[in-house]
Amino acid sequence: MPTNKSPFPLIEAHGNHRQIGQQIGEQLRQTIQNGLEDQRAQVPSDETWQEMIHQSALYLAHSQSHFPQYVEELRGIAEGAAVPFESLFLSICEEIWDTASRQGRLKPRLRGCTDMVARASATQNGLTLIAHTNDLLPESEAHLVLLNIRAEHEPEILAVSPGGVAISVGFNAAGISLTGNQVDSNDMRPGVPRLLLVRAILASKRLGEAMDICLHPHRASNYNNVVADAYGEVYSMEGSATDCEPIYIEGDLLAHTNHYISPPMRGFEIERHEIGGSVVRYHRAMRLMRDHYGTLSPQVFMKLLADHQNYPASICKHGLETVTVFSIVIDLEDFHAWIGRGRPCQTEYHEYFLSPDEQYFKVAA
């Protein structure tokens with residue numbers, strides 16, 4: 001919970017998944033209704049909203065089969081927000097909207113986000129620190145909320161959400177964190193939407209479980225999911241719909257942006273001629289961390305996230321189409337996070353915390 005006044009509306013929800021959804025929907029009813037209206041306005045001219053809902057039916061079938069609890073949560077959100085469930089579910093099927101963009105029927109869906117991770121000897125106090133910028137459309141900033149979810153039989157979650165329906169990043173009381181970046185692969189297909197997988201990853205009780213969800217065989221597509229635990233284990237799960245390369249942290253430093261880094265995954269890159277800005281941010285992030293090796297702390301990372309090399313398409317992004325709408329630094333070992341709204345060069349970071357749930361840290365004899 002926040003240790004000082006938060007710039008983000010705090011949405012607390014607890015109980016079973018249907019109840020959690022209802023509580024989120026009720027507290028964010030107008031925001032969710034407005035978001036769906038905005039999305040309706042983006043439907044391609046050669047298609048209708050109902051036709052897109054029909055496309056999402058197969059995604060829903062996969063989701064209901066493999067993650068019924070999170071479909072139930074979405075049904076609760078729809079009830080609480082007084083919106084049709086089918087419309088709400090379509091809104092999280094990024095793959096359908098991305099496909100329309102690739103076909104030239106919608107404006108290109110822009111991507112961003114930079115991740116920097118340091119642990120052990122790279123940090124000032126031997127901590128595991130995850131730093132992330134989140135780049136979205138400028139209007140998304142006004143709808144950011146902080147979700148505190150306490151679902152039955154799952155670790156408590158603290159996560160940032162643009163509007164309450166889907167989660168961008170977060171961490172949980174079992175010491176699992178999730179950040180990451182959008183990567184665009186050429187093998188998208190109907191399946192479990194990647195945004196639903198994010199919700200499942202953040203419910204994980206251990207790192208291996210989180211990684212298995214990143215590798216789910218029925219996924220529609222994937223992000224590069226950066227997952228870490230309180231023991232200092234960190235992986236960049238560089239994925240597509242049909243393949244994934246787990247990249248382990250080396251030299252106590254790891255970075256990722258919006259292109260495939262590992263050779264086995266490069267063949268899935270769909271926009272190979274448009275990765276220049278991402279490549280610059282990746283190498284800049286690694287250089288900044290190397291330059292501060294051994295002294296990296298939450299406060300140092302806050303400064304690094306404000307870097308403007310290659311401005312405006314920098315780590316701290318000031319572009320006209322997408323901008324950094326929030327940034328976060330997570331200290332997994334102390335279960336603390338510092339979150340700032342807007343551009344890192346202008347923001348004031350606010351501290352949040354979770355209480356670790358000791359049942360997830362038992363070691364077998």
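Quick caveat: nothing in here was measured; it's all calculated off a predicted structure.
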- Message: Could you walk me through whether H256 and I261 satisfy the side-chain contact (heavy atoms from CB on, under 4.5 Å) test, starting with their C-alpha distance in whole Å, then the side-chain angles of each, then the deciding distance to 0.1 Å, before giving a yes or no?
- Response: CA-CA 8 Å; H256 206 283; I261 295 170; 3.4 Å; yes
- Common cluster, W49/L60, ILVMFWY with side-chain heavy-atom separation under 4.5 Å: yes
Contacts table for residues 167-174: side-chain donor-acceptor under 3.5 angstrom, sequence neighbours left out:
from	atom 1	to	atom 2	distance (Å)
N172	OD1	A174	N	2.8
N172	OD1	G175	N	3.2
N172	OD1	I176	N	3.1
N172	ND2	L202	O	2.9
N172	ND2	S204	O	2.9

- Would you name the heavy atoms of F89 and P193 that are closest together and state the gap between them? CZ-CG, 4.0 Å
- Item | Candidate pair I339 and Y349, rule side-chain contact (heavy atoms from CB on, under 4.5 Å), full reasoning | CA-CA 5 Å; I339 310 174; Y349 283 89; 5.6 Å; no
- Query: Closest approach of D252 and A122, non-hydrogen atoms and distance?
  - Reply: O-CB, 3.6 Å
- Keeping to residues at least two apart or across chains, list the salt bridge (charged side-chain N to carboxylate O under 4.0 Å, His left out) pairs with something in residues 62-89. R18-E72, R18-E79, E73-R199
- Message: Once salt bridge (charged side-chain N to carboxylate O under 4.0 Å, His left out) is applied, what residue pairs with a partner in residues 323-347 remain, sequence neighbours excluded?
- Response: E141-R343
- Where do Y235 and C214 land on the side-chain contact (heavy atoms from CB on, under 4.5 Å) test, with the steps shown first? CA-CA 11 Å; Y235 287 86; C214 296; over 6 Å; no
- Between D229 and R206, is there a salt bridge with N-O shorter than 4.0 Å? no
- Item | Between E154 and Q69, a side-chain donor and acceptor under 3.5 Å | no
- Query: Side chains of M302 and V329: closer than 4.5 Å at any heavy-atom pair?
  - Reply: yes
- Please check if atom CZ in R287 has more than 12 non-hydrogen atoms from other residues, nucleotides or ligands closer than 6.0 Å. no
- Message: Testing the basics here: between R219 and H216, what is the closest heavy-atom pair and its distance to 0.1 Å?
- Response: NH1-O, 2.8 Å
- Task: Just say parallel, tilted or perpendicular for the rings of Y311 and H308, cut-offs at 30° and 60°.
- Result: perpendicular
- Determine whether the aromatic ring centres of H350 and F8 lie less than 6.0 Å apart. no
